[in-house]
Amino acid sequence: MTSASAPGKIILLGEHAVVYGRPAIAAPVWDVQATATISAAAPGQGCSVHAPDLGETWQLATADEQQPLIHVLRLALTHLSLPPNPDWRIEMRSTIPIASGLGSGAALSAALVRAISAHVGQPVPAASVSELVFASERFYHGTPSGIDNTVIAHGVPIWFVKEQPPQPFTPGADLTLLIADSGIPAPTKLTVGDVRRGWLADPTRYEAWFDQIAALATAARQAIETGALSELGRLFTENQQILQALGVSSPALARLIGAARAAGALGAKLSGGGRGGNMIALVTPGTAATVAQALHASGAKSVLQTTIPHQ
Ligand code: PMV
């Protein structure tokens, strides 16, 4: 039996603009994980995939190619020159909330690729895991930038520009973050499509917003690397204002962001596709409990505290 895991992720700054070639910053969230476990099935049974959290089971031989996990499974088997339908029972588990901006789909796919690689004893480098996962991301996203698969496959904080190798970097101070779920499911495909329609209708205005987000991401990278937390908080909040202008925030997210700031967060913004899903608040170990309480009181469905460690 072989198991492998992959983390959830958050985008710290730069979502949406990253689809248009601007830089974004993302980090893994190891507090939530997807896990794939492969065990031998009886000879001739072929490969089955069980996802009890989703209430789904697929037989590889007959499963729909449009199913993202099945798609990535077939790609991984081909990539590793393995038989197309091995006698395996694969179980997928995840503690990452679905459709909430934490990269659950990419993490499931990455865990699956890693489990196959470990099971057959053929190492797959992070860049190849990322590529295989990317191929399944388009089912969730339409036109994904590639940031989710990249940060999840590499498992470290990254500076990301579409179609370029990611640049891993390390914070100069621990980043303590609260990730609050608005409880509203928000498929990324929808908000990415809305932004695209806006951009097509008024490219000049949207390009200017994307440039502003790029400048904030650049400043944020420096703030993270030097441990300038108050500055980083301010940049989060400025990024949120532009996301609001882009139309990807929502009253529920705005309420959570306002509550976090009023309770002492250094800054707060939505994270990921927006509209629903998660927001993030930059806090300190001293303010985390008060801010978490304020988020619960303002309707957060769940609040997760995570630390992106300095080195
Ligand atoms: O909703 P998420 O966390 O998967 O993030 C989407 C990030 C976007 O920039 C909105 C889309 C993308 O492909 O980068």
Side-chain angles (χ1 to χ4, degrees), residues 6-29 31-32 34 68 72 94 96-110 130-131 133-154 157-164 166 177 179-199 206-207 209-214 216-217 220 236 239-240 242-250 252-253 269-280 304 306 308:
K9 73 96 204 13
I10 40 171
I11 296 178
L12 296 178
L13 286 100
E15 50 274 273
H16 286 290
V18 70
V19 176
Y20 298 81
R22 283 19 174 231
I25 299 173
V29 178
D31 312 73
V32 285
V72 83
S94 177
I96 308 171
I98 295 167
S100 63
L102 288 175
S104 62
L108 282 166
S109 295
S130 181
E131 268 176 44
V133 175
F134 181 70
S136 67
E137 282 287 280
R138 65 194 165 88
F139 293 107
Y140 301 107
H141 283 209
T143 53
S145 64
I147 191 167
D148 281 20
N149 49 288
T150 304
V151 67
I152 285 168
H154 287 264
I158 55 160
W159 169 264
F160 177 85
V161 178
K162 195 168 132 176
E163 287 156 18
Q164 290 182 18
L177 292 158
I179 305 170
D181 189 348
S182 66
I184 303 168
T188 301
K189 217 171 181 167
L190 292 184
T191 51
V192 169
D194 286 352
V195 171
R196 182 157 301 269
R197 271 184 289 281
W199 175 74
Y206 275 68
E207 288 290 327
W209 279 329
F210 297 150
D211 283 341
Q212 284 171 34
I213 293 176
L216 295 174
F236 269 26
N239 192 166
Q240 171 61 23
I242 305 173
L243 289 163
Q244 184 107 30
L246 285 172
V248 296
S249 193
S250 66
L253 284 168
K269 62 184 280 296
L270 69 84
S271 178
R275 209 57 62 72
N278 282 289
M279 55 76 69
I280 53 174
L304 175 70
T306 191
I308 302 169

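In listed order, ligands and their atoms are each counted from 1.
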Counting from 1, what ligand 1 atoms have a heavy atom of [X] closer than 4.0 Å?
| X | value |
| --- | --- |
| His16 | 8 (C), 9 (O), 10 (C) |
| Val18 | 9 (O), 14 (O) |
| Ile11 | 5 (O), 7 (C) |
| Thr188 | 1 (O), 2 (P), 4 (O), 6 (C) |
| Lys9 | 2 (P), 3 (O), 4 (O) |
| Ser145 | 12 (C), 13 (O), 14 (O) |
| Ile147 | 14 (O) |
| Gly272 | 1 (O), 2 (P), 3 (O), 5 (O) |

Heavy atoms, side chains only, cut-off 4.5 Å: are [X] and [Y] in contact?
| X | Y | result |
| --- | --- | --- |
| Ile280 | Leu12 | yes |
| Leu102 | Lys9 | no |
| Val195 | Tyr206 | yes |

| remark: Note: Thr191, heavy atoms under 4.0 Å from ligand 1, region reported as neither
| task | Check salt bridge (charged side-chain N to carboxylate O under 4.0 Å, His left out) between Asp181 and all other residues, then give those that pass, not counting sequence neighbours. | result | none
| task | May I ask you to check whether Gly273 has an N/O atom sitting below 3.5 Å from an N/O atom of ligand 1? | result | yes
| query | Between Glu15 and ligand 1, is there a nitrogen or oxygen pair with a distance under 3.5 Å? | reply | no
| task | Sequence neighbours left out, what passes side chain to side chain donor-acceptor pair (under 3.5 Å) with Glu207? Give chain and number order. | result | Arg22, Trp199
| message | Could you check whether Ser109 and Ser136, counting side-chain N and O atoms only, form a donor-acceptor pair closer than 3.5 Å? | response | yes
| Is a side-chain N or O of Thr191 found less than 3.5 angstrom from the main chain of Val248, in a donor-acceptor match? | no
| What distance separates Leu253 CG from Ile184 CD1, expressed to the nearest 0.5 Å? | 6.5 Å
